[in-house]
K.L.:
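What follows is a single structure, and I will ask about it in a moment.
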Amino acid sequence: MTYVVTENCIKCKYTDCVEVCPVDCFYEGPNFLAINPDECIDCGVCIPECPVDAIVADQDLTDEQRPYLAINAELSKLWPVITKRKAPLPDADTFKDVKNKGNLLER
Ligand code: SF4
Ligand code: SF4
């Protein structure tokens with residue numbers, strides 16, 4: 001089992017989640033964060049921290065969200081770790097309610 005960052009995070013990157021992770025398993029890309037499934041200990045403390053409900057336990061993923069399981073596994077191994085909160089992206093508030101923005105994910 002693991003927790004997964006899903007589409008809502010794209011172009012938001014509020015980063016509230018990274019401060020609470022006890023094992024520092026969030027990795028930062030240009031406009032998205034990914035959780036390393038091999039490091040996540042399934043504690044769930046990051047879930048309520050995310051203001052856009054982007055973090056989901058793998059068994060709770062919808063069919064639409066399921067591709068993010070592989071996306072997190074792949075991208076978390078390519079990107080640097082992030083452990084400290086930083087300012088969200090400048091257009092985060094504009095994009096937080098936008099649906100179907102998966103094509104905007106930058107690698
Ligand atoms: S708090 Fe949510 S939107 Fe912000 S970086 Fe974490 S997962 Fe992404
Ligand atoms: S569930 Fe726990 S270990 Fe996994 S990413 Fe969230 S805070 Fe980190």
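Indexing begins at 1, ligand by ligand and atom by atom, following the structure's order.
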K.L.:
Measure from atom 8 (Fe) of ligand 2 to every heavy atom in Cys25, Pro37, Cys50, Cys21 and give the option owning the shortest one.
P.N.:
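Among Cys25, Pro37, Cys50, Cys21, the closest heavy atom to atom 8 (Fe) of ligand 2 belongs to Cys21.
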K.L.:
For ligand 1, which atoms sit closer than 4.0 Å to a heavy atom of Tyr14?
P.N.:
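Close to Tyr14: 3 (S), 4 (Fe), 5 (S).
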K.L.:
Looking at Leu33, which atoms of ligand 1 are within less than 4.0 Å of one of its heavy atoms?
P.N.:
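Counting atoms of ligand 1 from 1, those under 4.0 Å from Leu33 are 5 (S).
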K.L.:
Does ligand 2 have a heavy atom under 4.0 Å from the side chain of Ile41, from its backbone, from both, or from neither?
P.N.:
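Both the backbone and the side chain of Ile41 come within reach of ligand 2.
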K.L.:
Provide the number and element of each atom of ligand 2 under 4.0 Å from a heavy atom of Cys46.
P.N.:
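In order of numbering, the contacting atoms are 1 (S), 5 (S), 6 (Fe), 7 (S).
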K.L.:
Any N/O/S atom of Cys43 sitting less than 2.8 Å from atom 2 (Fe) of ligand 2, backbone or side chain?
P.N.:
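Coordinating: yes.
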K.L.:
When you look for heavy atoms under 4.0 Å from ligand 1, do you find them on the side chain of Pro88, its backbone, both, or neither?
P.N.:
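Neither part.
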K.L.:
Do Asp60 and Tyr3 get their side chains close enough for a donor-acceptor pair, meaning under 3.5 Å?
P.N.:
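Looking only at side-chain atoms, Tyr3 and Asp60 do not form any donor-acceptor pair under 3.5 Å.
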K.L.:
Give the contacting part of Asn8 toward ligand 1: side chain, backbone, both or neither, where contact means a heavy-atom distance below 4.0 Å.
P.N.:
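Contact part for Asn8 vs ligand 1: neither.
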K.L.:
Just need the protein heavy atom nearest to atom 3 (S) of ligand 1, so name the residue and atom and give the distance.
P.N.:
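Looking only at protein heavy atoms, the one closest to atom 3 (S) of ligand 1 is Val52 CG2, 3.6 Å.
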K.L.:
To the nearest 0.5 Å, what is the distance between CD1 on Ile71 and OG on Ser76?
P.N.:
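Rounded to the nearest 0.5 Å, the CD1-OG separation comes out at 11.5 Å.
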K.L.:
For the residue pair Phe32 and Tyr68, does the interplanar ring angle fall in the parallel (under 30°), tilted (30 to 60°) or perpendicular (over 60°) class?
P.N.:
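The arrangement is tilted - the two ring planes meet at 30° to 60°.
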K.L.:
Using a strict cut-off of 4.0 Å, indicate which atoms of ligand 2 neighbour a heavy atom of Val23.
P.N.:
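Listed by number with element, the hits are 3 (S).
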K.L.:
For Ile55, counting its heavy atoms only, list the atoms of ligand 1 lying under 4.0 Å from any of them.
P.N.:
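Contacts of ligand 1 toward Ile55, numbered from 1: 7 (S).
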K.L.:
Considering only heavy atoms of Cys9, which atoms of ligand 1 have at least one such atom less than 4.0 Å away?
P.N.:
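So the atoms of ligand 1 that pass are 3 (S), 5 (S), 7 (S), 8 (Fe).
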K.L.:
I need the nearest protein heavy-atom contact for atom 5 (S) of ligand 1: residue, atom name and distance, please.
P.N.:
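Heavy-atom neighbour on the protein nearest atom 5 (S) of ligand 1: Thr15 N, 3.1 Å.
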K.L.:
Could you see which bit of Cys17 sits under 4.0 Å from ligand 2, with heavy atoms only: side chain, backbone, both or neither?
P.N.:
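Neither part.
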K.L.:
Counting neighbours of CG on Asp63 that are heavy atoms of other residues, nucleotides or ligands and sit closer than 6.0 Å, is the number greater than 12?
P.N.:
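No - once you tally the heavy atoms of other residues, nucleotides and ligands closer than 6.0 Å, there are 12 at most.
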K.L.:
So how far is it from Asp58 CG to Arg66 CZ, rounded to the nearest 0.5 Å?
P.N.:
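Interatomic distance, Asp58 CG to Arg66 CZ, rounded to 0.5 Å: 7.0 Å.
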K.L.:
Please give me the minimum heavy-atom distance between Asn31 and Glu106, naming the atom from each residue.
P.N.:
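Between these two residues, the closest heavy atoms are OD1-N, 3.0 Å.
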K.L.:
Pro22 heavy atoms, cut-off 4.0 Å: which ligand 2 atoms fall inside?
P.N.:
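Within the 4.0 Å cut-off of Pro22, ligand 2 contributes 7 (S).
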K.L.:
Within a distance under 4.0 Å of any heavy atom of Phe26, pick out the atoms of ligand 2 and give their elements.
P.N.:
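That gives atoms 5 (S) of ligand 2.
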